[in-house]
Amino acid sequence: MADDDIDQGISLADAAEEVERLTIRINEARDAYYERDTTIISDAEYDELMHRLEAIERAYPQLQSQDSPTLTVGGRGETTLFAPVEHAERMLSLDNVFSADELAEWANRAQAAAGRAVHWLCELKIDGLAVNLRYEHGRLVSAATRGDGRVGEDVTENIRHIQSIPTRLAGSGHPPLVEVRGEVFFPVAAFDELNAKQAAAGEREFANPRNAASGSLRQKAEGKNAAQLELMRDRLGRLRMLVHGIGAWANPPVQAQSEIYELLSGWGLPTSSHARVLDSVAGVQEFVAYHGEHRHAVEHEIDGIVVKIDELALHDELGATSRAPRWAIAYKYPPEQVNTKLLDIVVSVGRTGRATPFAVMEPVRVAGSVVRQATLHNQDVVKAKGVLIGDTVVLRKAGDVIPEVLGPVVELRDGTERPFVMPQECPECGTTLRPMKAGDIDLRCPNARSCPAQVRGRVEHIGSRGALDIEALGEVSAAALTHPAVPAEPPLSTEAGLFELTVAELFPIEVVVRDVETGLPRLDDDGTPAYRAPFRRLRRRSGRDADPAFDPDSPEFRGDERHVPSKAAYELVANLEAAKTKPLWRILVALNIRHVGPVAARALADHFGSLEAIRAATDAELAEVEGVGPTIAESLREWFAIEWHLEIVERWAASGVQFATPGHPGPGAAAAAGGVLAGITVVATGSLEGYSREGAQEAIIAAGGKAASSVSKQTDFVAAGPGAGSKLAKAEALGIRVIDAAQFARLVTEGPAALDA
DNA sequence: CACCCTCGAGTTCA
DNA sequence: CTCGAGGGTG
């Protein structure tokens, strides 16, 4: 990859500079329009500036200031100016903190300034659009966006379509003038539906609910046909609003902010049900942590928590700076969706030969960890997402774990981006890629026997937990054995020789050291790539690292030192030796037969007792095994028909690998029925005290039960420990009995009846 | 023909 | 751990 590939797009520093330029220019145009009733630039020009600013801020949210012009008009598409409305009282913004510590600091400072104990009103910070409602004698007379805080834009007509906002306040005793401040938002649940409609109508989809809210509120009826008007009303009807403050009412008959909410609620205005008054800073931090964990449990998007001092008397005492009150703060959660640069799209080949394109991105922190790669699945997905190499892309973590590229920020393209072209050849061995079956989207490398990526993948799979569970054979060793830097001829060209490995063969292996972060070879001081020999170590006769086991009479040393095989080398050979007699099903999984994973392998091994019996079985005999049908039968038959697969079996057998279960009565033997869990399906999730992940499964099977991997209606028990996630949630949703580790221990030893005893 | 389930892949973390 | 794909079963 050439350097200029990386230099595309816009750097953070350039972006910051441009944001400043754009902001000045837009504010000049606004001042002219709002204050002097003149225009200094055309609507089109204005729109262009706004779009550009929006685009940059979306890519670099940290550059968006509280009084950015986009916070008043955040949407896109319809950025032409709305009529100006002056707020009766200035709408301030809030200062931000970004960590629990900063929040505590602010609270302690505020409390010290107040000189007495205070109550904290905590509420969810809705990621929407700030709007000011002006009520005169209980009647809604205008609604305006925040604007620059002093003057906003008139959106009264559109606001009237939002059902939850009353045009006349309930109750009596309304002041001659009061401003009600709140947040207009698009409910998350309705958002996907909206985007589907947008797509169907040929309109652009919205990047997030907040843009949808802003875009919806800023639509204009003029020039729309009946269908478009319908769509516009539909969108406005889905908007919701929650209010959280008042303005321009000199002496409200209350002492606390929380009482204001009660008052507003009594008038028929929608207030949030999530606000809480707390009396300690620790409680505030707990509130912040709780909602950080349950961000998606609310109907709207949350970008943080707002903490206000509840006592109104203190609001007056503490006052405000020119932009923000001193009695409130916004805590911002780390973003779950960020933007970063798509540096390249690279294709990797897995153990099955499937060629998978993945995104290589500028490292970026999202939802608590640094991400630099994300899968793009296949060429169709790349096309569907519409990303180009060099694009700024939106990245999130699906289920808070798996990084996912959502799509490009089209506005930030500068013309140097280029489309991804799926390579015709395997990136590792050069063989022409092709679909395995007609109509398959996935391309595969057909060179299964000697494609380095596939051999490496298969060797790694053999060592994995679901197969032979060889501790010393992981990703790194698999790579070292199949293509080391030294020697030129790797110890393994296929997995056939795996069990013939000796310490002497491992000894000379050297691998290139790669940087954990970049994946590029690390260079020594002299500029040559650094090498590491994982299977040997230095033994010294004397000095600081003197080796007490050193035998000075050994003929192998040169001078003061010599190399000896490392512990890892002996361990790997010993692990392999031990693996030869592992249960037949593990050996079956290690053979890398398509569709034969741990579950199918267990069933086959139990039924047939030996690889030879499986091989000799007809399709009909295979299909007798539960969980085995025509596809697995065919897959087995195809596997045994390939010459080099048989060579694997022969050489492994010659090395002592056990392809039969000792004492097995032979094919068709009835599965050993019985056990306390016969006919019972159990799912284990989270960490169960006293059991490893594997151990829990073994315990279920040993008791004659079925250890399923996912929860369904067929599941009888879900054993859940700390850290249980979606499976526990699903069990609760389906009303399946959930048990803890202690109950699980009783279940697998005494059976289900013991639980109720 | 619905479900329900397993497989396989990718990813990050401790 | 999660997702999509596709197999197996009732």
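Note: hydrogens, waters and symmetry copies are ignored here, and every other heavy atom, side chains too, is used. Order of the sequence lines sets the chain letters (A, B, ...), proteins ahead of strands, with each chain counted from 1.
The distance from atom CZ of A:Arg354 to atom P of B:dG10 is 6 Å, rounded to the nearest whole Å. B:dG8 atom C1' lies 9 Å from atom NE2 of A:His595, rounded to whole Å. We find that CD of A:Gln373 is positioned 16 Å from C1' of B:dC13, with the value rounded to whole Å. Between A:Glu460 atom CD and B:dT11 atom C1' the separation is 13 Å, expressed in whole Å. Atom pair A:Arg594:CZ and C:dG7:C1' shows a separation of 12 Å (rounding to whole Å applied). One atom, CZ of A:Arg465, and another, P of B:dC7, lie 16 Å apart when rounded to the nearest Å. Note: CH2 (A:Trp585) to C1' (B:dC7) measures 14 Å, nearest angstrom. Taking atom CD1 of A:Ile632 as the reference point, atom C1' of B:dT6 lies 8 Å away to the nearest angstrom.
For the pair A:Leu388 and A:Leu342, the tightest heavy-atom approach, listed with the atom from each and the gap, is O-CD2, 3.4 Å. Between A:Glu417 and A:Gly390 the shortest heavy-atom distance is CG-C, 3.8 Å.
Among the nucleotides B:dT6, B:dT11, B:dA9, the one closest to the side chain of A:Phe358 is B:dT11. Distance from the side chain of A:Pro598 is smallest for B:dC7 among the nucleotides B:dT12, B:dC7, B:dG10. Side-chain atoms of A:Thr352 lie closest to B:dG8 of the nucleotides B:dC7, B:dG10, B:dG8. With B:dG10, B:dT12, B:dA9 as the candidates, the nucleotide lying closest to the side chain of A:Val371 is B:dT12.
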Identify every side-chain donor-acceptor pair in residues 584-594 of chain A under 3.5 Å, counting partners at least two apart or on other chains, and give the distances.
unit_1   : atom_1 : unit_2   : atom_2 : d
A:Arg586 : NH1    : A:Arg465 : O      : 3.0
A:Arg586 : NH1    : A:Ala467 : O      : 2.5
A:Arg586 : NH2    : A:Glu694 : OE1    : 3.4
A:Asn592 : OD1    : A:Arg351 : NH1    : 2.6
A:Asn592 : ND2    : A:Ala590 : O      : 3.3

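Note on residues 683-708 of chain A: pairs passing ring pair (Phe, Tyr, Trp, His ring centres under 6.0 Å), not counting sequence neighbours, are A:Tyr691-A:Phe744.
For the OP1/OP2 pair of B:dA9 and a distance below 4.0 Å, the side-chain nitrogens and oxygens of A:Arg351 include at least one atom meeting the criterion.
Using a 3.5 Å distance cut-off with no hydrogens or angles, the side chains of A:Arg444 and A:Thr352 do pair a donor with an acceptor.
Contact annotation for A:Gly597: backbone-only contact, meaning every heavy-atom pair under 4.0 Å involves sugar-phosphate atoms and none involves a base.
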